[in-house]
Structures are given as structure tokens and as C-alpha cells.
Protein chains: 2
Amino acid sequence: MNRIKDARGFTIGRLSKMTGVNIETIRYYERIGVMQAPDRTANGYRQFTHNDLKRLSFVKKCRELGFSLEEIRTMLVMVDSENLSCGEIHDMTTGHLAAVEQRIRRLRKLKGVLKKMADQCTQGDVPDCPVIDALFETT
Amino acid sequence: MNRIKDARGFTIGRLSKMTGVNIETIRYYERIGVMQAPDRTANGYRQFTHNDLKRLSFVKKCRELGFSLEEIRTMLVMVDSENLSCGEIHDMTTGHLAAVEQRIRRLRKLKGVLKKMADQCTQGDVPDCPVIDALFETT
DNA sequence: CCTTGAGCCCGTAGTCACTACAGCCCGCAA
DNA sequence: TTGCGGGCTGTAGTGACTACGGGCTCAAGG
């Protein structure tokens, strides 16, 4: 029975649970064209296929890796057109990697400043705080 | 002459140049109450004071350190009410620090995955890409 | 005196990636 | 039959801006 049900497709709630992607987000992806509009049952419910499941999992993984929906769209266009160039994907990935590294560097610097500020704090109830002073300095 | 001009305050453009904060952003800060509405000249132009300059620089530094406008608002309320508790500020700073450290950890993990994927790429024009394969895998 | 251009004004809409909500319908179990 | 858990749509809100359109003012140049 389950196999027949699966063959007929899943509802949005089931797909949501399987992928961990919010129902509203799935509908959003459909609206902006990242997911194709699925078939509907007689009562208007969306019917997702195993293909949709794969596609949505792909999108989710990419999002978790920090790719923008725009980047994901580009990848999906390549996938859909079967005009996949490994070189292009490599470039996108390394480009994205560079951005991530940059972000890490920035955050590390930031962390240093925050740590230094916090360390100078007396933590008292007194109305005198080196953090605020530091931030108000006209350097 | 310059001193008199300064005493009368600066225009929004001048403040923008001095702080590096976009004009639109300054108006936005006024709208949401992070900056107080300044006096106006006869022709309706905003007239910012040296105090505004200090405040805006403070906001900018905080933003660069990754504090949200909501957090900044909290700090400014303390500053304004002169009810400044160094302990509270310390807590905010270390809390923020923890968040930053978490973000760094996540990004580092992500970087590892991206690097591994990119390294597996043949970079060829062939329609076969380990990155896409990896992302489409049902793990 | 007139024009031109820079700078200011306001209000609104767009960005990204969702999330939330209102108000409705549908199917199933008690 | 009534309640409940799902599904549907369309719209608005989030954060932190950014952009734009249409109009006003001011100083300098022709």
C-alpha cells in the first residue's frame, strides 16, 4: 500500500517532514520557480514525486552550504538542461569557498575586538563602561 | 568661518561623508528611532550636531561589530538614560561573542565540505560533476 | 536674470529568504 | 454531525538597508 501511495506522490506535509523544509518554504520555492509546480489531486492538493524529493533535498543541502537561491537556480538550470559543465560548477564552488573564507577572516577579527572589549569590563553596576567608552571614542 | 558652520551643524551629506554612513541609511535610522530627529533649517534641511556625529559613529562601529540594531537600541537607551550598567553591557558583548564564535565554527565546517567537493571536480566540460552528484545523493 | 546641477526633501517599493497569518475548503474519525 | 488536522490562496511582516520618483532649494556660471 505504501508503495502505491508513494507512486502517487506525497502531500506537501509529507515532503516537508521528509526533507525538513518548512511547508511555507516549499510553496515559496514553487512561487519563485526553484521548484516546479507539481501536479494536483482532484481536490487541489499538491502531489509531489520522488523527483521533487531529490530536487528539494538538493536545494536544502545547497542552502545549508550557504549558496544563495540565485546560485542554486543556476545549478538547477544546468541540471535541468543536462548541459552540465563541471568546470562551471567548480568555479562557483571555489568562488563561494573564497567568500566563506573571507567571512571567517572578518569574524575572527571581530571576535578579537569583542573579546578585548569584554575583558576590560569591570562588570560592575557602575555607570562607567569601557566598552561604551571604546565605542564612543572618536578614533 | 568653518567653526561657525560647525556650530550650526552639518547637513546630512556632510554627516554621511564624515561617518561613511549612507544618506538613506541615516534617514532610515531616524525613521526607526535609532537617531533622534534633528532640528531643521528654515528650508527644512536636517541640521546635525556634533552629538549626532558621535552617536552615528557609535552605531556604525556597533554594526561593524555585528550587533543588531535592536541590540544597539538597547545600548543607546542605557546611554541616554545615563543608567548604564557595565555588567549588562558585558553580558551583551560576551553573548554576542559566543554567537560570533558559533558562526565561525559553522563556517569552518562548511568550508571543509566545499573544499572537498571542489577538489573532487575534474573541471572538465563533461556533463558529469562530483559536486552535483554529492549534492544529489540521498544520504 | 535664467539655467544648470548638486544636494536636500518625502514617501514608497524592492531586496533576500523566508515566516506568519487570515480565511477558506476537504476528508476522516468519533 | 461535529471537530480536527491537514491542505489551499493571497498578503503582509521580518532586518537592515537601498533605490527610485518627483519635487524643492541654493550657489555658480553664462
Side-chain angles (χ1 to χ4, degrees), chain A residues 1 5 8-35 37-49 52 55-56 58-76 96 99 103 106 110, chain B residues 1-2 5 8-35 37-48 52 55-56 58-76 96 99 103 106 110:
Chain A
M1 269 326 210
K5 221 173 168 185
R8 286 196 183 171
F10 345 103
T11 62
I12 197 165
R14 221 143 111 56
L15 185 64
S16 167
K17 261 180 205 134
M18 284 191 286
T19 54
V21 176
N22 198 324
I23 289 182
E24 319 271 7
T25 307
I26 297 173
R27 284 201 279 255
Y28 169 71
Y29 285 166
E30 180 184 327
R31 208 160 55 240
I32 64 166
V34 163
M35 296 292 289
D39 287 347
R40 302 291 183 119
T41 60
N43 57 21
Y45 286 17
R46 286 173 181 79
Q47 245 188 330
F48 293 96
T49 66
D52 294 321
R55 195 187 182 86
L56 186 55
F58 173 84
V59 173
K60 201 200 174 197
K61 273 187 207 169
C62 288
R63 289 292 301 130
E64 281 169 356
L65 290 172
F67 287 101
S68 71
L69 285 179
E70 208 39 56
E71 288 173 308
I72 295 170
R73 221 194 296 259
T74 307
M75 290 198 245
L76 284 172
H96 186 60
R103 267 207 340 257
R106 276 205 54 231
L110 203 147
Chain B
M1 271 319 214
N2 248 339
K5 223 173 169 183
R8 288 197 181 171
F10 344 103
T11 63
I12 197 165
R14 219 142 111 57
L15 184 65
S16 168
K17 262 183 204 130
M18 284 191 286
T19 54
V21 176
N22 199 324
I23 289 182
E24 320 271 6
T25 307
I26 297 173
R27 284 201 279 253
Y28 169 69
Y29 285 165
E30 179 184 326
R31 207 160 55 242
I32 64 167
V34 163
M35 295 292 290
D39 287 347
R40 302 290 184 120
T41 60
N43 56 23
Y45 286 17
R46 285 172 182 79
Q47 246 187 330
F48 293 95
D52 295 320
R55 194 186 182 86
L56 186 55
F58 174 83
V59 173
K60 202 200 172 197
K61 271 187 209 167
C62 288
R63 288 293 299 131
E64 281 170 354
L65 290 173
F67 287 101
S68 70
L69 284 179
E70 208 38 59
E71 288 172 308
I72 295 170
R73 221 192 297 258
T74 306
M75 291 198 244
L76 284 172
H96 188 60
R103 241 159 64 210
R106 277 206 54 231
L110 202 148

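Throughout, protein chains are lettered first and strands after them, A, B, ... in sequence-line order, and every chain is numbered starting at 1.
- Under the side-chain hydrogen bond (donor to acceptor under 3.5 Å, both in side chains) criterion, A:E30 pairs with A:R46, sequence neighbours left out.
- Residues satisfying the ring-ring contact (aromatic ring centres under 6.0 Å, His included) criterion with B:Y45, sequence neighbours excluded, are absent altogether.
- Protein chain B contacts DNA chain C from C:dG7 to C:dC10, reading 5' to 3' and using non-hydrogen atoms of the protein with a distance under 4.0 Å.
- A salt bridge is absent between B:E64 and B:K61; no separation between the charged side-chain nitrogens and carboxylate oxygens falls under 4.0 Å.
- Nearest heavy-atom pair, B:L65 versus B:H96, reported as atom, atom and distance to 0.1 Å: O-NE2, 2.8 Å.
- Following rounding to the nearest Å, B:Y29 (OH) and D:dT18 (P) show an atom-to-atom distance of 8 Å.
- Judged as a ring-ring contact (aromatic ring centres under 6.0 Å, His included), and not counting sequence neighbours, A:Y29 has no contacts.
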B/S/- contact track for nucleotides 5-10 of chain D, protein heavy atom under 4.0 Å: -BSSB-

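- In terms of modelled atom types and a separation under 3.5 Å, the side chain of B:R73 and the main chain of B:I32 share a donor-acceptor contact.
- Two end axes, each from the C1' atoms of five base pairs, can be drawn for the helix from C:dC1-D:dG30 to C:dA30-D:dT1; they diverge by 30°, to 10 degrees.
- In terms of modelled atom types and a separation under 3.5 Å, the side chain of A:R14 and the main chain of A:G9 share no donor-acceptor contact.
- The phosphate of D:dG15 (OP1 or OP2) has no side-chain N or O of B:S68 nearer than 4.0 angstrom.
- To the nearest 0.5 Å, atoms CG (B:L15) and CG (B:D52) are separated by 7.0 Å.
- Once rounded to the nearest 0.5 Å, the distance linking CE of A:M35 with OG1 of A:T25 reads 12.0 Å.
- Between the C1' atom of D:dA16 and the CG atom of B:N22 lies a distance of 12 Å, rounded to the nearest Å.
- Nearest heavy atoms, A:S16 versus A:V21: OG-O, 2.8 Å.
- As judged by a 4.0 angstrom heavy-atom cut-off over every strand, B:F67 is placed among residues making no nucleic acid contact.
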